[in-house]
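Below is one structure; the comments refer to it alone.
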There are 2 protein chains.
Amino acid sequence: MAEDYVELIAELIETRGEARPVEIAERLGVKPPTVTKNISRLKAAGLVRREPYRAIFLTDAGQDLAEICRRRHRVVVAFLLSLGIDEETAERDAEGIEHHVSGTTLEAFERRLNQK
Amino acid sequence: MAEDYVELIAELIETRGEARPVEIAERLGVKPPTVTKNISRLKAAGLVRREPYRAIFLTDAGQDLAEICRRRHRVVVAFLLSLGIDEETAERDAEGIEHHVSGTTLEAFERRLNQK
DNA sequence: GTAAAAAGTTAGACATGGCTAACTTATCTA
DNA sequence: TAGATAAGTTAGCCATGTCTAACTTTTTAC
């Protein structure tokens, strides 16, 4: 869960300037109370900083994790696309696959991408 | 969950002659009570047949699902191996990845395997 | 500047999947 | 065949992640 959240929060801050629960809820396909609860958990885990009713920010640890996740996500999507898979499917499958790809496998994906 | 269980049950029946909770627990890395509970759920879902304290059998629906899962598992592992990933990592990653691979992506994997 | 709308939170419920402790049933073995 | 061991179950707990209903806070728009 944490990975999906920090990844999305980083993206929202970059593209929208800030990360708001309502946006997160829409993007993840969950309801606002779920986001509230999960953001509290991320805060407890030291990944986000946040005051009630305000926008959400990533801590340094959160940013590091987000960076790793986003990079991995990009590699997985690019790899699937390189197999001729359509963009929508590649995005959807990557969302599920990325959390189970070891460093070894990720490197193999990158090697394959580079050698083409 | 169901997929991991029926896949393993099918494999145990094939290699050991029967599927026993203690084996399932070991292979999945969980404790026996967890297996008991999950087997009840599989029974409720119509995937397995079973009397208390006896071995576990797959229903027709369970066998169909197991067949799909095992075939998909084999494809994912073979694909990872074809990328030069070591067997242990391929098995471990496949376990996580296989549940998130769409039909489209699975076909892409197979295409790639066949064209080599 | 206030009232309405939007956003966010709290409380409480539910399903899933895991655990330990304690018990029952089955199997093995002396 | 009886006692010990192994296997399986039951009961009850916990964490995660989801939801709805009701409430509060913030923002927006007159």
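Here the structure is a predicted model, which means the values were calculated and not measured. All chains are named by letter (A, B, ...) in the order of the sequence lines, taking the proteins before the strands, and each is independently numbered beginning at 1.
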Atom-pair distance (CD1 on A:Ile39; P on C:dT10), nearest Å: 13 Å
Length of the line joining A:Glu26:CD and C:dG8:C1', which is rounded to integer Å: 14 Å
Presence of salt bridge, B:Glu67 and B:Arg74, under 4.0 angstrom: yes
In one Ile/Leu/Val/Met/Phe/Trp/Tyr side-chain cluster, 4.5 Å: A:Tyr53, A:Ile13: no
Length of the CD-P vector between A:Glu3 and D:dT16, whole Å: 15 Å
Any pair counted as ring-ring contact (aromatic ring centres under 6.0 Å, His included), so long as it reaches residues 84-103 of chain B, sequence neighbours left out: A:His100-B:His100
Sugar-phosphate or base contact per nucleotide [nucleotides 18-26 of chain D; S, B, -; heavy atom under 4.0 Å]: BBBB--BSS
Result of checking A:Ile39, A:Asn38, A:Ile56 against A:Pro21 for side chain to side chain contact (heavy atoms under 4.5 Å, CB included): A:Ile56
Donor-acceptor pair between A:Glu91 and A:His73 side chains, under 3.5 angstrom: yes
